[in-house]
Amino acid sequence: MVTGALTGPALAGYAWCVEPGRLAVSVRDVRLPRLPQSLDGLTIAHLSDLHVGAFVSADHVARAVELANELEPDLVVLTGDFVYRDPARIHEGAVVLAELRPRVATVAVLGNHDVWTDPDLITSALGQAGVTVLRDEFLPLDFPGARLWLMGLEDRGYSGHRGGSTEQFLYRWSGAVRAAERLLRETPAAESRLLLVHNPDITEFMPEGVADLALCGHTHGGQVRLPWLGPPVVPSLFGQRFAEGLVQGSQMPVHITRGVGLTPPPVRLNCPPEVAFLRLHAG
Ligand SMILES: [Fe+2]
């Protein structure tokens, strides 16, 4: 915690100018009971919430890409919010993301900031960068001895955390739930599935057994974490529960990364930007 060492203006300066430019690599081991032995050890670099724009440069994202490449992941998963306000900034981000070098694939879903701006432009730019964007779609990946399904649900642009209700949230996200039900029907029950969706809240309302693990972003870890109190502001219906890390949800384990970028107020404190690296284990 830096708050014990810094006070007043120094603390504000650190939160404004220093910590947003840091990048932490978080390595997490995830045990999945249904994962076939042949996929034991599969690695995923999980990046999210780049928010390229007024507050986050493409150079910062390029450093995250470098770190991800150094980890030599099998997959790179990007869970949305590529831009902030200006969708044209995706072109800078896409140039950088084209440098990702996973062994198998780079797969993405769109976040609320993407669907609020120009989702088709962002999808197209990502496609040209070699990123497969799943828009309520699934992608089978064939490995020696096993197939892994990536199921990507698009954000519905509604978080509901500012005075909204669970009923409103479910109304706005009903299409995503129906898409998940369809994907569940159309993929073999015995094969492993990873769910990619920007907002972790919706994982609580997914059909039972839809995925072995969900990969999410959106909450940014709260951006500011206070000693003892944790993050006072988390854009979630569930308070601090889905702020960051590996969380056991009611339907599936959920991995939430703190993200690479940020949104206003453009500060981070005790919550540095993150390149998450997951090692999946069977059994
Ligand atoms: Fe975000």
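Read the numbers this way: they start at 1 and go in the same order the structure lists the ligands and their atoms.
Among the heteroatoms counted here (N, O or S) of Asp81, OD2 is the one nearest to the Fe ion (ligand 1). Within Asp49, the N, O or S atom lying nearest to the Fe ion (ligand 1) carries the name OD2. The Fe ion (ligand 1) sits nearest to atom NE2 when only the N, O or S atoms of His51 are considered.
In summary, the side chains of Thr203 and Gln251 do not present any donor paired with an acceptor at a separation below 3.5 Å, with no hydrogens or angles considered. Using a 3.5 Å distance cut-off with no hydrogens or angles, the side chains of Asp81 and His218 do not pair a donor with an acceptor.
Distance check for His220 against the Fe ion (ligand 1): an N/O/S atom falls below 2.8 Å. Taking backbone and side chain together, His198 holds no N, O or S atom under 2.8 Å from the Fe ion (ligand 1).
Across all non-hydrogen atoms, the minimal contact from Glu154 to Pro119 is OE2-CB, 4.4 Å.
Between His113 and Tyr84, the ring center distance clears the sub-6.0 Å criterion.
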Enumerate donor-acceptor pairs with a distance under 3.5 Å from any side-chain N or O in residues 99-111 to protein atoms, sequence neighbours excluded.
{"residue": "Arg101", "atom": "NH1", "partner": "Ala98", "partner atom": "O", "Å": "2.9"}
{"residue": "Arg103", "atom": "NH1", "partner": "Glu72", "partner atom": "O", "Å": "3.0"}
{"residue": "Arg103", "atom": "NH1", "partner": "Asp74", "partner atom": "OD1", "Å": "3.2"}

